[in-house]
Amino acid sequence: MLRIVSQRKVKENWKIYKEQIRDAMTSTDGGLFFFQGNTNETLKGIYSRLMNPFNHQMHLWVDNEDEYLLLTYIQVCEFTEIKTLLLFSLTRTKEVDKETIIQRWIDGFPIITTFAIQNDCKGVTAYTDLDYFIKVAKELAESVEQDIIIRYQYYVPL
């Protein structure tokens, strides 16, 4: 089951979490483009947000099996002031089979959506460089009988 890591546990295990987050952020071409050269500064910023007792916009999640690590961030649209829970970074920390991957998404879906609703979010969003996650989203939509809107984004580095 997916759960938020307490600030105490973040502090105690930051060396482990930091490496897992670094791996997740730099494992794709898009991630490398955004984080290469300033990965340490980005990790310091993430740690600072996770440890700030007055700001609860960023969250570190793990599952009970320690197979997944997830960072979420509550973002607020500057025009509409609508809150959205952004799946900021997600990584597998252990190798698992395909059925387990889909099952973890199915198990985590109600936990993430409940958390988003409790924090007045109107949706959950994620960006990905991997076509694989599009397939996962489609399978998840069928399994939880929930509409999932899949939008494509492109970025042109200058």
Side-chain angles (χ1 to χ4, degrees), residues 1-28 30-78 80-130 132-133 136-137 139-141 143-146 148:
M1 179 172 287
L2 201 57
R3 59 184 164 73
I4 291 181
V5 179
S6 69
Q7 286 183 331
R8 182 177 60 78
K9 289 286 185 190
V10 169
K11 187 174 185 177
E12 289 173 2
N13 299 303
W14 181 243
K15 286 183 181 183
I16 295 166
Y17 295 142
K18 178 173 73 171
E19 291 309 311
Q20 293 169 339
I21 294 167
R22 179 191 318 268
D23 289 347
M25 290 188 324
T26 59
S27 65
T28 65
L32 276 172
F33 177 79
F34 280 104
F35 299 111
Q36 191 173 17
N38 67 349
T39 307
N40 288 332
E41 289 303 312
T42 301
L43 289 167
K44 285 179 189 175
I46 289 169
Y47 182 75
S48 173
R49 283 175 177 82
L50 290 171
M51 297 306 293
N52 185 340
F54 304 108
N55 185 336
H56 301 283
Q57 287 185 281
M58 183 162 267
H59 323 92
L60 179 65
W61 303 73
V62 295
D63 71 339
N64 288 343
E65 309 302 322
D66 288 326
E67 294 170 343
Y68 282 90
L69 179 131
L70 169 67
L71 271 175
T72 58
Y73 184 79
I74 297 175
Q75 59 184 8
V76 181
C77 175
E78 67 179 295
T80 65
E81 297 187 15
I82 291 175
K83 290 182 180 180
T84 305
L85 184 65
L86 173 65
L87 304 183
F88 182 75
S89 184
L90 169 70
T91 190
R92 265 193 322 251
T93 56
K94 296 180 182 175
E95 287 302 314
V96 296
D97 57 44
K98 183 180 178 188
E99 291 78 27
T100 301
I101 292 169
I102 297 301
Q103 191 59 50
R104 292 298 178 261
W105 279 94
I106 292 168
D107 294 345
F109 182 80
I111 295 165
I112 291 292
T113 55
T114 299
F115 178 80
I117 291 167
Q118 290 170 343
N119 284 277
D120 300 319
C121 295
K122 300 299 181 199
V124 176
T125 191
Y127 304 107
T128 183
D129 301 341
L130 305 173
Y132 163 78
F133 282 114
V136 170
E139 288 187 43
L140 177 62
S143 297
V144 297
E145 298 179 4
Q146 170 81 34
I148 295 179

Trainee: As an exercise, state the distance from NZ of K15 to CD of Q20, rounded to the nearest 0.5 Å.
Mentor: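 Separation between the atoms: 14.5 Å.
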
Trainee: With sequence neighbours excluded, give me every salt bridge (charged side-chain N to carboxylate O under 4.0 Å, His left out) pair touching residues 53-64.
Mentor: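 Counting only pairs at least two positions apart or across chains, the salt bridge (charged side-chain N to carboxylate O under 4.0 Å, His left out) contacts touching residues 53-64 are D63-R104.
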
Trainee: How would you list, by chain and number, every residue that makes a side chain to side chain donor-acceptor pair (under 3.5 Å) with W61, sequence neighbours excluded?
Mentor: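 Once residues adjacent in sequence are excluded, the partners of W61 under the side chain to side chain donor-acceptor pair (under 3.5 Å) criterion are T72.
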
Trainee: To the nearest 0.5 Å, what is the distance between CZ on R49 and CG on L60?
Mentor: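 CG of L60 is found 14.5 Å from CZ of R49.
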
Trainee: Which value, rounded to the nearest 0.5 Å, describes the distance between Y47 atom OH and N52 atom CG?
Mentor: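 Between atom OH of Y47 and atom CG of N52 there are 12.0 Å.
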
Trainee: Taking the side chain as every heavy atom from C-beta outward, state whether T125 and Q75 have any pair of such atoms under 4.5 Å apart.
Mentor: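 T125 reaches Q75 side chain to side chain.
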
Trainee: How far does CG of N13 sit from CZ of R8, to the nearest 0.5 angstrom?
Mentor: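 One gets 9.5 Å once the value is rounded to the nearest 0.5 Å.
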
Trainee: Looking only at non-hydrogen atoms, find the nearest pair between H59 and H56 and report the distance.
Mentor: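 Closest heavy-atom pair between H59 and H56: NE2-O, 2.7 Å.
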
Trainee: May I ask you to decide if P110's main-chain N or O and T113's side chain share a donor-acceptor pair within less than 3.5 Å?
Mentor: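 It does hold such a pair.
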
Trainee: Is there a side-chain contact (heavy atoms from CB on, under 4.5 Å) between Y17 and V62 once you walk through the steps?
Mentor: CA-CA 10 Å; Y17 295 142; V62 295; 4.0 Å; yes

Trainee: Hey, are the side chains of I74 and D120 touching, using non-hydrogen atoms and a 4.5 Å cut-off?
Mentor: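 Not touching, per the 4.5 Å side-chain cut-off.
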
Trainee: Checking side-chain contact (heavy atoms from CB on, under 4.5 Å) for the pair I46/W14: CA distance, chi angles, key distance, verdict?
Mentor: CA-CA 11 Å; I46 289 169; W14 181 243; 4.1 Å; yes

Trainee: As an exercise, state the distance from CD1 of I112 to CG of L2, rounded to the nearest 0.5 Å.
Mentor: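 The distance works out to 5.0 Å.
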
Trainee: With distance as the sole test, does N119 use its side chain to make a donor-acceptor pair with the main-chain N or O of C121 at under 3.5 Å?
Mentor: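 Such a contact is absent between N119 side chain and C121 backbone.
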
Trainee: Quick one: does Q7's side chain have a donor or acceptor within less than 3.5 Å of a partner on M51's backbone?
Mentor: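 Side chain of Q7 to backbone of M51: a pair is present.
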
Trainee: For side-chain contact (heavy atoms from CB on, under 4.5 Å), just list the numbers for L71 and M58, CA-CA rounded to whole Å, side-chain angles, deciding distance to a tenth of an Å, and then say yes or no.
Mentor: CA-CA 7 Å; L71 271 175; M58 183 162 267; 4.2 Å; yes

Trainee: Could you state the interatomic distance from CD1 (I106) to CD (Q103), rounded to the nearest 0.5 Å?
Mentor: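 So the gap between those two atoms works out to 5.0 Å.
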
